[in-house]
Amino acid sequence: MTQLENFAAGHWINGNGEGQVLLDAVTGEPITSASTKGLDFKAMIDYAHQVGNPNLRRLTFHERGRMLRAVALHLRKHLDKFYALSFKTGATKADSWVDIEGGIGNLFSNASLRRKFSDEPFAIDGEAINLSKHNTFMGHHILVPKAGVAIHINAFNFPVWGMLEKVAVNWLAGMPAIVKPATVTSYLTEAVVREIIASGILPDGALQLICGNVGDLLDHVTSQDVITFTGSKSTALKLKKHERILEESVPFNMEADSLNCIVLGNDVTPADAEWEIFIKEIRKEMTTKAGQKCTAIRRIFVPENKIDDVWKSLKQSLSKTTIGNPINEKVRMGSLVSMTQREEVKQQVQKLIASSQLIYGSLDSVELIDADAGLGAFISPLLLLNEKPFASKEVHEVEAFGPVSTIMPYKNMDEAIALSKLGKGSLCSSIVTADDKIAKQYVLGAGTHHGRILILNKDCAKESTGHGSPLPMLIHGGPGRAGGGEEMGGIRGIKHYMQRVAIQGSPTSVTHITNIFQQYANGIETPVHPFKKYFEELNIGDQIISQKRKITSEDIDKFAELSGDHFYAHIINTDFNGTMFEQQVAHGYLLMSIAAGLFVDSYEKNPVLLNYGIDELRFTKPVYPGADMYVRFTCKEKLPNDKRIISNPEDFKRGDDIDKGIVKWLVEMMDGNDEQVGIATILTMVAKKL
Ligand code: NAP
């Protein structure tokens, strides 16, 4: 039998010794074995620190993002191989899609996230803070990649997604990873890692893989490393208490057991579209991945007078679930990941049965297509009813990690909220209601105890991503029992792998460090108007001071006429007693338009392709007729903009074929007394010279 290899310090290494035999969850046949015996775990961490980390941290966010995209495109060429292995984990095609293509989707999504960052190896966090009266001293926050390695210890249920959703984020942040998948399904993770390494896209040391026991790995972690853990609470607690982790204050992100719930709003009746939506969502959550999802619905809260109807509808819906060999296209639910896991689920259900009754399914038999329950880890969906949820502890504490869920009654929304909280913290919760007042009451009441809340009704059901899908741009994690961790969430996720540093100094120093022009920093007077410069030729701080222009009452009247904005403050004969103004005041948008007239210099074509918006615009002082106005116009920030890849010629739009970048400009609108009357950041697209 072949043995899985570990990828350590840049080499594929066979573990010494026999290793753990990994079985096909459907047929029970051996697939391969896994062993890490003989691996030098300290050398792996050293390699990540000394090779992987410097290689990644020197890349800019845009380079890292393009790297993620290239990895995603590469993996897409090998889907068949991954699906074939995924079936062996008991996953159906639809389950595998979530794991494999959902995982690759995370790479794409984080690749696109690069556009939210400057083209720098570090990131800016939040707003500039002025710390002085005379504008010579300021503060800012920046984020630099941590100098260590991200160690991901993952659960068995998503061997691909579980890895990719995490490495996408640490790579974008500039940190390397050591991935340790759960051994039982590590053969699928290994296949994906093999392809990633073979692609040659990642720099050396960016990724290492451990298939099996982690040995003394954790004895060598440092304060610059980050550990993420997904799995059972008992393992999590053991690891979190590791002496070295405590001593070095290593961030430990924990995603553990979660008793997620769904609530049926008391406005919903069997005649409403929301009824069917509710039933379908529960069936999907119980049967996708055979219920082996950290986000699966375990607790179903229903108004007490609707329990019987829900029970009936759910029974009917679950009876349509075809179970068996996932390779058969008729099959909707595959097997659990292993016989051990099936035993574990049965034991957990026994604990639940102490205070609940089984109202659908059997612990001992299951009807199968193309499969044998004696060989594969099959189990039927199991629906339970608990009529006294306030009197029962188990139903809120025992997680049966399979197709298992319990219906419970509630009397009013306060009770539903209280019941949802008895889970002591979950990854996600849903409420199905057509009444947004009910939704609001639930979200604000229960929000303290859930990492994510889905409000489901007929308005969004068709396009909803569903209760159980963590999304790369939304945070994933939950308080309390769910581990108290948080990951993903777009820019929020990146921050877990970066050190935040408050920097203080003069605006000119901070401009130099951040490469973003800070207001009051010294500008660079440029003899050539910056609009005549190509993207590469522009310097942060390139600045022009415009001519002065008098604002007249006639300008204001004309602008009111042209725009149709006849707000009383812009009308000359308004009685200004009791208003904020002394007399007719210029429209803010008039000032912005005049500012554009002052900073745009030329009738000739120039490298500026177009102006595409304003990020921030504030009017800071009223401008009355007779006032002079001028503009200080400064190149604030440059962002590369990749050439769009046009696969369909019909998608071609003018400009897509031009190499260009985005330039942000600080527009300071000043009056004759050199006082600021308005400020804006405008965005232009500027051609590259090449
Ligand atoms: P587990 O036994 O806790 O294992 C999780 C991971 O920890 C595996 O990679 C496992 O490796 C590793 N591990 C176990 N002991 C370790 C140790 N002493 N040192 C280092 N690593 C160690 O959990 P599981 O059985 O794989 O997963 C099932 C449970 O995970 C479910 O009950 C569910 O509650 C939970 N889960 C939670 C989430 C979430 O996001 N909240 C997601 C999925 C699963 P080996 O495989 O080599 O033992």
Side-chain angles (χ1 to χ4, degrees), residues 258-270 272 274-286 291 295-315 317-318 352 355-360 381-400 404-457 466-468 478-482:
S258 178
L259 277 290
N260 315 293
C261 65
I262 191 166
V263 177
L264 179 69
N266 65 11
D267 58 310
V268 181
T269 71
D272 298 323
E274 280 74 16
W275 188 271
E276 191 52 28
I277 290 167
F278 177 72
I279 300 297
K280 268 196 184 154
E281 197 66 18
I282 296 170
R283 186 184 66 177
K284 192 171 82 185
E285 286 300 313
M286 284 181 73
T295 49
I297 293 168
R298 307 285 173 208
R299 300 177 300 147
I300 305 164
F301 300 122
V302 175
E304 59 184 358
N305 59 345
K306 290 172 185 149
I307 284 275
D308 287 347
D309 286 331
V310 165
W311 172 0
K312 242 187 273 163
S313 299
L314 266 178
K315 266 167 51 170
S317 180
L318 286 170
L352 290 171
S355 56
S356 304
Q357 60 185 114
L358 187 61
I359 57 171
Y360 180 88
L382 300 164
L383 187 64
L384 292 91
L385 172 68
N386 185 310
E387 289 176 297
K388 293 190 176 142
F390 282 105
S392 160
K393 258 172 78 172
E394 301 82 14
V395 75
H396 306 291
E397 291 186 356
V398 175
E399 184 198 34
V404 185
S405 206
T406 306
I407 308 179
M408 289 169 259
Y410 75 83
K411 283 192 172 58
N412 51 44
M413 189 40 71
D414 286 342
E415 272 202 16
I417 291 168
L419 286 169
S420 87
K421 290 181 176 177
L422 288 181
K424 293 193 183 152
S426 87
L427 292 172
C428 58
S429 170
S430 290
I431 177 156
V432 180
T433 175
D435 183 339
D436 286 332
K437 272 204 225 100
I438 293 179
K440 182 170 180 178
Q441 194 186 349
Y442 183 70
V443 168
L444 298 186
T448 47
H449 284 61
H450 308 284
R452 175 166 59 85
I453 298 181
L454 165 69
I455 301 125
L456 204 52
N457 56 32
H467 169 97
R481 188 188 305 283

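The structure presented is a predicted model; accordingly, all values stated were derived computationally and were not measured. Values below: all heavy atoms of this structure, side chains included; hydrogens, waters and symmetry mates excluded.
- At a threshold of 4.5 Å between non-hydrogen side-chain atoms, the residues Leu382 and Tyr360 do not count as touching.
- The distance from atom CZ of Arg299 to atom CG of Asn260, rounded to the nearest 0.5 Å, is 8.0 Å.
- No donor-acceptor pair under 3.5 Å is formed between the side chain of Asp272 and the backbone N or O of Glu274.
- Between Glu397 and Lys424 there is a salt bridge, since a side-chain N of the basic residue sits under 4.0 Å from a carboxylate O of the acidic one.
- The two residues Ser430 and His467 make their nearest non-hydrogen contact at OG-ND1, 2.7 Å.
- Arg298 contributes atom CZ, which lies 8.0 Å from atom CG of Leu259 (distance to the nearest 0.5 angstrom).
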- [ ] Give the C-alpha distance, both sets of side-chain angles, the deciding distance and a yes or no for side chain to side chain contact (heavy atoms under 4.5 Å, CB included) between Met286 and Val404.
- [x] CA-CA 6 Å; Met286 284 181 73; Val404 185; 5.9 Å; no
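- A 4.5 Å side-chain heavy-atom check between Ile431 and Leu456 finds every atom pair outside the cut-off.
- Shortest non-hydrogen contact noted between Ile297 and Glu285 is CD1-CG, 3.5 Å.
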- [ ] Decide side chain to side chain contact (heavy atoms under 4.5 Å, CB included) for His396 and Leu419; before the verdict, give the C-alpha distance in whole Å, the side-chain angles of both, and the deciding distance to 0.1 Å.
- [x] CA-CA 8 Å; His396 306 291; Leu419 286 169; 4.1 Å; yes
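- Rounding to the nearest 0.5 angstrom, the gap separating the OG1 atom in Thr433 from the CD1 atom in Ile277 is 11.0 Å.
- The neighbour count for Lys306 NZ, taken as heavy atoms of other residues, nucleotides or ligands under 6.0 Å away, is above 12.
- In this structure, Leu422 CG and Phe390 CZ are separated by 6.0 Å, a value rounded to the nearest 0.5 Å.
- Checking side-chain atoms of Thr295 against main-chain N and O of Gly468 turns up a donor-acceptor pair under 3.5 Å.
- You'll find the side chain of Ser392 stays beyond 4.5 Å of the side chain of Met408, heavy atoms only.
- Proximity of Glu276 to Lys280: side-chain heavy atoms (C-beta onward) are separated by under 4.5 Å at one or more points.
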Open item on the list: Test side chain to side chain contact (heavy atoms under 4.5 Å, CB included) on Asn266 and Tyr410; report intermediate values, then the result.
Closed with: CA-CA 9 Å; Asn266 65 11; Tyr410 75 83; 4.1 Å; yes
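- Side-chain N/O atoms of Trp275 and Thr269 include no donor and acceptor closer than 3.5 Å.
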- [ ] Test Leu264 against Phe301 for side chain to side chain contact (heavy atoms under 4.5 Å, CB included), laying out the working first.
- [x] CA-CA 6 Å; Leu264 179 69; Phe301 300 122; over 6 Å; no
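- Rounding to the nearest 0.5 Å gives a distance of 10.5 Å between NZ of Lys437 and CD of Gln441.
- Glu281 is listed as a side-chain neighbour of Lys284, based on a closest heavy-atom distance under 4.5 Å.
- Residues Ile282 and Leu314 come closest through the heavy atom pair CG2-CD2, 3.7 Å.
- Two residues are said to be in side-chain contact when any heavy atoms from C-beta on lie closer than 4.5 Å; Val432 and Asn457 fail this criterion.
- Taking OG1 of Thr406 as the reference point, atom CG of Leu352 lies at 5.5 Å (rounded to 0.5 Å).
- When all heavy atoms are compared, the tightest approach of Phe278 to Val263 is CE1-C, 4.1 Å.
- Between Val443 and Ile455 the shortest side-chain heavy-atom distance falls below 4.5 Å.
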Task: Verdict with reasoning, His449 to Ser420, per side-chain hydrogen bond (donor to acceptor under 3.5 Å, both in side chains) - done: CA-CA 8 Å; His449 284 61; Ser420 87; over 6 Å; no
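- Considering every non-hydrogen atom in both Asn386 and Ser355, the closest pair reads ND2-O, 3.2 Å.
- A 4.5 Å side-chain heavy-atom check between Ser426 and Cys261 finds every atom pair outside the cut-off.
- Of all the heavy atoms in Leu427 and Gly478, the pair that sits closest is CD2-N, 3.6 Å.
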